[in-house]
Participant: 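I am attaching a structure below and will ask some questions about it afterwards.
Order of appearance sets the numbers: ligands from 1, and atoms from 1 within every ligand. Counting from 1, the numbers follow the sequence of the chain as shown. Computation of the quantities below employed the complete heavy-atom set of this structure, encompassing side-chain atoms and omitting hydrogens, waters and symmetry-equivalent molecules.
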Amino acid sequence: MCGDRRLGIWFVLPFYFVPFFCRILRWLIETIHGDLKGLKTNQLKQLKRLYHQRVPGDRFTTPEFAQRLAAISTELEKPLCVYFNRRGQVIRVGVGTPRQTQIPPLELPRYGAERLCGIRCMATAPESDQPGTGALTALALQRLDALVWLPLTGSGFARRGGGVGGYVKSARVAHLLPPSNLPGLVVRGTESTAESVTQSTTVLPPVPIEDLAEQDFLDFVTGLEAEFAREVSGLEIDQAGDRVLLVGVQTSDRDPRAFEDGLAELDRLVDTAGGSVVGVVRQKRSRPHPQTVVGEGKVEEIALQAQSLGANLVAFDRDLSPAQIRNLEKFIGTRVVDRTEVILDIFAQRARSGAGKLQVELAQLEYLMPRLTGRGQAMSRLGGGIGTRGPGETKLETERRVIQRRIARLQREVNELQAHRNRLRQRRQHHDVPTVAIVGYTNAGKSTLLNVLTDAEVYAADQLFATLDPTTRRLTLTAPTPIAPIAESEFPDSPEFAEPTEGRSILLTDTVGFIQELPPPLMDAFRATLEEVTEAEALLHLVDLSHPSWPRHIAAVHEILGEMPIVPGPELLVFNKIDAASSEAIEQAKAECPHGVFISAGDRLGLETLRQQLLNLVRYATGE
Ligand SMILES: Nc1nc2c(ncn2[C@@H]2O[C@H](COP(=O)(O)OP(=O)(O)OP(=O)(O)O)[C@@H](O)[C@H]2O)c(=O)[nH]1
Ligand SMILES: [Mg+2]
């Protein structure tokens with residue numbers, strides 16, 4: 001009997017609770033967005049009722065819906081926006097302009113550059129018959145299917161039977177333009193938001209509302225998407241990697257030349273990482289914005305540029321905090337990386353040897369560790385690209401603890417590697433062969449020089465960070481040939497050159513290239529490799545004299561050497577690529593560094609003088 005009653009309760013309970021939950025659900029779904037100040041309850045109810053209406057999926061609108069919306073808007077004396085999905089269902093109602101009621105980036109579906117977001121907005125406008133920059137910005141930022149603009153007449157009438165009419169007569173449709181319509185796909189330079197938005201959107205002439213209701217919306221949108229897809233696939237054939245928008249922030253502590261150099265270097269880094277730069281946005285600020293690095297307006301401009309140029313990655317020329325990356329990704333809607341991540345990605349692609357891979361993995365994990373939470377919420381990191389290669393992807397999803405354990409293990413392995421290298425070095429010292437490490441900015445020609453001096457076969461290429469692992473080769477320095485080759489006569493030899501000297505064997509080590517503001521995780525992870533430098537008896541500091549920023553490169557190398565725990569031995573400054581350097585650069589270098597040696601490793605110029613100077617350097621370093 002009692003059991004029967006209990007059963008009965010279980011049977012009846014859902015009838016009480018289901019409607020209750022349905023009401024909560026409806027309340028949650030039927031939210032009215034935007035500025036609700038001063039709205040009466042019955043007006044709110046009227047707006048909520050819009051959620052129960054729908055238009056046929058293949059129509060822009062129906063005259064009835066447009067008139068109903070216009071009538072409410074006229075009564076409220078406020079603009080209204082209604083958002084539809086492709087099935088014609090109302091998914092959002094807002095009081096205000098398209099800008100004020102737009103869907104936050106995280107709530108928007110993202111289908112990639114070849115598709116639109118699947119949502120269209122119908123907006124009433126009490127005052128303007130044409131969408132302005134604000135509305136078009138919203139259209140571009142959300143990648144809306146279309147914006148249907150309904151200018152209000154200011155009056156109207158109620159029909160018998162409940163219908164309304166006369167509140168709106170004509171409508172305008174605005175939509176996004178495929179990238180080829182932009183003047184010059186590669187936009188390098190700053191553009192204002194207004195300019196880029198008018199370039200990436202178009203507003204069609206007004207049509208009577210009845211005529212618009214006759215037009216096939218699905219035909220329109222599939223045609224537009226087909227055009228986007230054609231162009232995007234064309235772009236993808238051209239460039240397989242990431243399409244990257246660079247952002248440079250010139251804070252007051254940055255010298256303008258150094259800033260431009262840094263930006264050019266980031267361009268090169270992105271290129272080396274396999275991405276292609278599609279545009280550059282610059283901003284001058286006294287200091288970085290704590291939340292978003294650049295100002296609010298600039299974030300919007302970046303988002304718009306990324307949209308209109310079809311960029312899928314935004315790279316900043318400075319390091320970003322984990323919170324800044326999260327905020328930027330949320331606003332911009334694409335992945336955001338900083339300079340360190342681009343460099344780490346290059347290292348991940350380049351690492352060949354076990355030791356190199358180990359060090360890169362350690363650096364990547366140390367970098368990613370504080371950035372694990374909330375990263376990549378706005379977009380999938382699947383599918384590869386800058387910042388996703390190497391150990392990143394799968395481990396990102398694993399727990400922090402697992403990663404910490406892995407870091408500890410890698411650290412132990414790096415320590416073992418360090419001990420192994422120590423033993424090798426001790427053996428060399430045991431044989432009393434002095435070591436000279438070739439150091440220098442990345443791409444200076446270090447590996448090329450080792451190859452021409454010792455017939456080594458180290459990989460040398462016009463790429464940043466072509467070398468990650470050190471290579472050591474023996475070089476026998478003998479007395480100079482008495483007749484100097486033609487090239488030598490261009491660069492007068494030092495007085496010692498003519499003196500016959502006896503031969504001597506040295507070990508020459510090619511090392512990983514340096515870069516300004518070397519990311520600390522890399523410095524840490526490459527400790528074992530960099531010790532080759534600190535333990536060398538002397539350094540051959542190679543400088544690419546054909547690079548316009550060579551003085552800055554010298555300073556950057558000195559700065560990194562200064563941070564090393566053991567002070568490296570004496571240094572010989574060698575200027576490379578004189579075949580490609582300007583005569584002014586050669587003159588300036590000679591004036592500033594009178595003891596420098598001038599060579600072209602590529603054209604084998606000045607090598608005899610270099611050998612001689614190396615011998616002197618080694619003698620000086622070993623106290624002979
Ligand atoms: N014009 C000219 N190019 C040179 C010379 N020496 C090297 N290069 C070129 O410079 C580029 C970089 O050479 P690498 O030897 O790989 O430079 P690296 O310093 O080892 O570079 P990383 O290992 O990437 O740090 C290659 O394309 C070389 O062909 C030179 O004397 N003149
Ligand atoms: Mg190299």
Side-chain angles (χ1 to χ4, degrees), residues 265-266 268-274 342-353 355-356 359-360 436-473 475 485-488 490-491 508-519 522-523 526 529-530 532-533 539-550 552-554 556-557 560-561 571-583 585-586 589 596-611:
E265 189 171 82
L266 181 64
R268 188 81 208 278
L269 286 167
V270 166
D271 196 48
T272 308
V342 179
I343 296 176
L344 283 172
D345 186 85
I346 297 173
F347 272 63
Q349 291 182 55
R350 290 269 183 285
R352 294 278 175 274
S353 72
Q359 295 173 112
V360 172
V436 174
I438 307 176
V439 294
Y441 212 78
T442 179
N443 208 45
K446 301 179 291 298
S447 305
T448 310
L449 181 63
L450 183 80
N451 288 343
V452 298
L453 286 179
T454 69
D455 290 331
E457 283 169 4
V458 175
Y459 176 65
D462 192 14
Q463 293 168 328
L464 305 183
F465 304 111
T467 308
L468 291 190
D469 301 304
T471 304
T472 303
R473 289 285 179 277
L475 170 65
I486 301 163
E488 304 290 350
E490 264 181 53
F491 301 94
L508 203 55
T509 301
D510 177 27
T511 61
V512 58
F514 293 172
I515 194 162
Q516 56 191 344
E517 293 159 39
L518 186 77
L522 271 184
M523 188 90 176
F526 279 74
T529 304
L530 290 171
E532 298 287 333
V533 172
L539 301 181
L540 189 166
H541 179 172
L542 198 63
V543 182
D544 174 0
L545 198 57
S546 72
H547 197 292
S549 309
W550 65 266
R552 231 183 296 282
H553 290 179
I554 296 181
V557 170
I560 295 165
L561 289 175
E571 167 197 279
L572 175 66
L573 210 52
V574 180
F575 293 95
N576 188 26
K577 306 197 190 180
I578 53 165
D579 56 297
S582 66
S583 47
I586 297 178
V597 181
F598 292 81
I599 65 161
S600 164
D603 289 358
R604 295 172 179 255
L605 301 177
L607 298 183
E608 211 48 58
T609 314
L610 175 63
R611 283 198 187 92

Participant: Show which atoms of ligand 1 fall inside a sub-4.0 Å distance from at least one heavy-atom site of G513.
Facilitator: 25 (O)
Participant: Can you pull out the closest protein heavy atom to atom 32 (N) of ligand 1? Residue, atom name and distance to 0.1 Å, please.
Facilitator: D579 OD1, 2.8 Å
Participant: Could you find the nearest protein heavy atom to atom 6 (N) of ligand 1 and give me its residue, atom name and distance?
Facilitator: N576 ND2, 3.3 Å
Participant: What's the shortest heavy-atom distance between F514 and V557, and which atoms?
Facilitator: CD1-CG1, 3.8 Å
Participant: Could you tell me whether the Mg ion (ligand 2) has an N, O or S atom of T467 under 2.8 Å away?
Facilitator: yes
Participant: Among I515, T467, L545, N451, which one puts a heavy atom closest to atom 23 (O) of ligand 1?
Facilitator: T467
Participant: Can you tell me the protein heavy atom closest to atom 8 (N) of ligand 1 and the distance?
Facilitator: K577 CE, 3.6 Å
Participant: Any side-chain heavy atom of V512 sitting closer than 4.5 Å to one from L522?
Facilitator: no
Participant: Identify, by atom number and element, the atoms of ligand 1 in contact range of Q463, meaning under 4.0 Å from any of its heavy atoms.
Facilitator: 24 (O)
Participant: Would you check if I560 and V439 make a side-chain contact, meaning some heavy-atom pair closer than 4.5 Å?
Facilitator: no
Participant: Would you sort out whether K577 and W550 count as a side-chain contact (heavy atoms from CB on, under 4.5 Å), showing the intermediate values?
Facilitator: CA-CA 11 Å; K577 306 197 190 180; W550 65 266; over 6 Å; no
Participant: Using a 4.0 Å cutoff against the non-hydrogen atoms of T442, which atoms of ligand 1 qualify?
Facilitator: 22 (P), 24 (O), 25 (O)
Participant: Look at atom 29 (O) of ligand 1 and say which protein heavy atom is nearest, naming residue and atom and giving the distance to 0.1 Å.
Facilitator: T448 OG1, 4.4 Å
Participant: In the structure I gave you, are the side-chain heavy atoms of I515 and I343 within less than 4.5 Å of one another anywhere?
Facilitator: yes
Participant: I want to know if ligand 1 touches A601 in the polar sense, i.e. an N/O pair below 3.5 angstrom.
Facilitator: yes
Participant: Under a 3.5 Å distance rule, please check whether S549 uses its side chain to pair with a backbone N or O of R552 as donor and acceptor.
Facilitator: no
Participant: May I ask you to identify the nearest protein heavy atom to atom 24 (O) of ligand 1, giving residue, atom name and distance to one decimal place in Å?
Facilitator: A466 N, 2.6 Å
Participant: Test side-chain contact (heavy atoms from CB on, under 4.5 Å) on I554 and F575 and set out the steps.
Facilitator: CA-CA 10 Å; I554 296 181; F575 293 95; 4.0 Å; yes
Participant: Verify the distance test for Y459 against the Mg ion (ligand 2): any N/O/S atom under 2.8 Å, yes or no.
Facilitator: no
Participant: Run the numbers for me: atoms of ligand 1, each under 4.0 Å from some heavy atom of F465, listed by number.
Facilitator: 24 (O)
Participant: What I want to know is whether Y459 and ligand 1 share at least one N or O pair that is separated by under 3.5 angstrom.
Facilitator: no
Participant: Between K446 (side chain) and Y441 (backbone), is there a donor-acceptor pair under 3.5 Å?
Facilitator: yes
Participant: For L468 and F347, what are the C-alpha separation, side-chain angles and deciding distance, and is it a side-chain contact (heavy atoms from CB on, under 4.5 Å)?
Facilitator: CA-CA 8 Å; L468 291 190; F347 272 63; 3.3 Å; yes
Participant: Measure the distance from atom 17 (O) of ligand 1 to every protein heavy atom, then report the residue, atom name and distance (to 0.1 Å) of the closest one.
Facilitator: G445 N, 3.1 Å
Participant: Does ligand 1 have any atom that is closer than 4.0 Å to a heavy atom of A444?
Facilitator: yes
Participant: Mind checking whether D462 has an N or O less than 3.5 Å away from an N or O of ligand 1?
Facilitator: yes
Participant: So among T511, T509, D510, which one has a side chain to side chain donor-acceptor pair (under 3.5 Å) with T472?
Facilitator: T509
Participant: Considering non-hydrogen atoms only, spot the tightest contact between L508 and L450 and give its length.
Facilitator: O-CD1, 3.6 Å
Participant: Return a yes/no value for A580: is any of its N or O atoms, backbone included, closer than 3.5 angstrom to an N or O of ligand 1?
Facilitator: no
Participant: Polar-atom distance check: A460 versus ligand 1, any N or O pair below 3.5 Å?
Facilitator: no
Participant: Do you know which two heavy atoms are closest between V452 and A601, and how far apart they sit?
Facilitator: CG1-O, 3.5 Å
Participant: Considering both backbone and side-chain atoms of V512, is one of its nitrogen or oxygen atoms within less than 3.5 Å of a nitrogen or oxygen in ligand 1?
Facilitator: no
Participant: Pairs of nitrogen or oxygen atoms closer than 3.5 Å, one from A461 and one from ligand 1: do any exist?
Facilitator: yes
Participant: Looking at D579, L542, I578, L605, which hits side-chain contact (heavy atoms from CB on, under 4.5 Å) with I599?
Facilitator: L542
Participant: Would you please test F526 and L518 for side-chain contact (heavy atoms from CB on, under 4.5 Å) and show each step?
Facilitator: CA-CA 11 Å; F526 279 74; L518 186 77; over 6 Å; no
Participant: At less than 4.0 angstrom from any non-hydrogen atom of S600, what atoms of ligand 1 do you find?
Facilitator: 30 (C), 31 (O), 32 (N)
Participant: Please check whether K446 reaches ligand 1 - meaning an N/O of the residue sits under 3.5 Å from an N/O of the ligand, judged on distance alone.
Facilitator: yes
Participant: Does any N or O atom in L464 lie less than 3.5 angstrom from one in ligand 1, N or O only?
Facilitator: no
Participant: Please report which non-hydrogen protein atom sits nearest to atom 12 (C) of ligand 1, along with the residue it belongs to and the distance in Å to one decimal place.
Facilitator: N443 OD1, 3.0 Å
Participant: Take R268 and D462 through the test salt bridge (charged side-chain N to carboxylate O under 4.0 Å, His left out) and record every step on the way to the result.
Facilitator: CA-CA 11 Å; R268 188 81 208 278; D462 192 14; 3.1 Å; yes
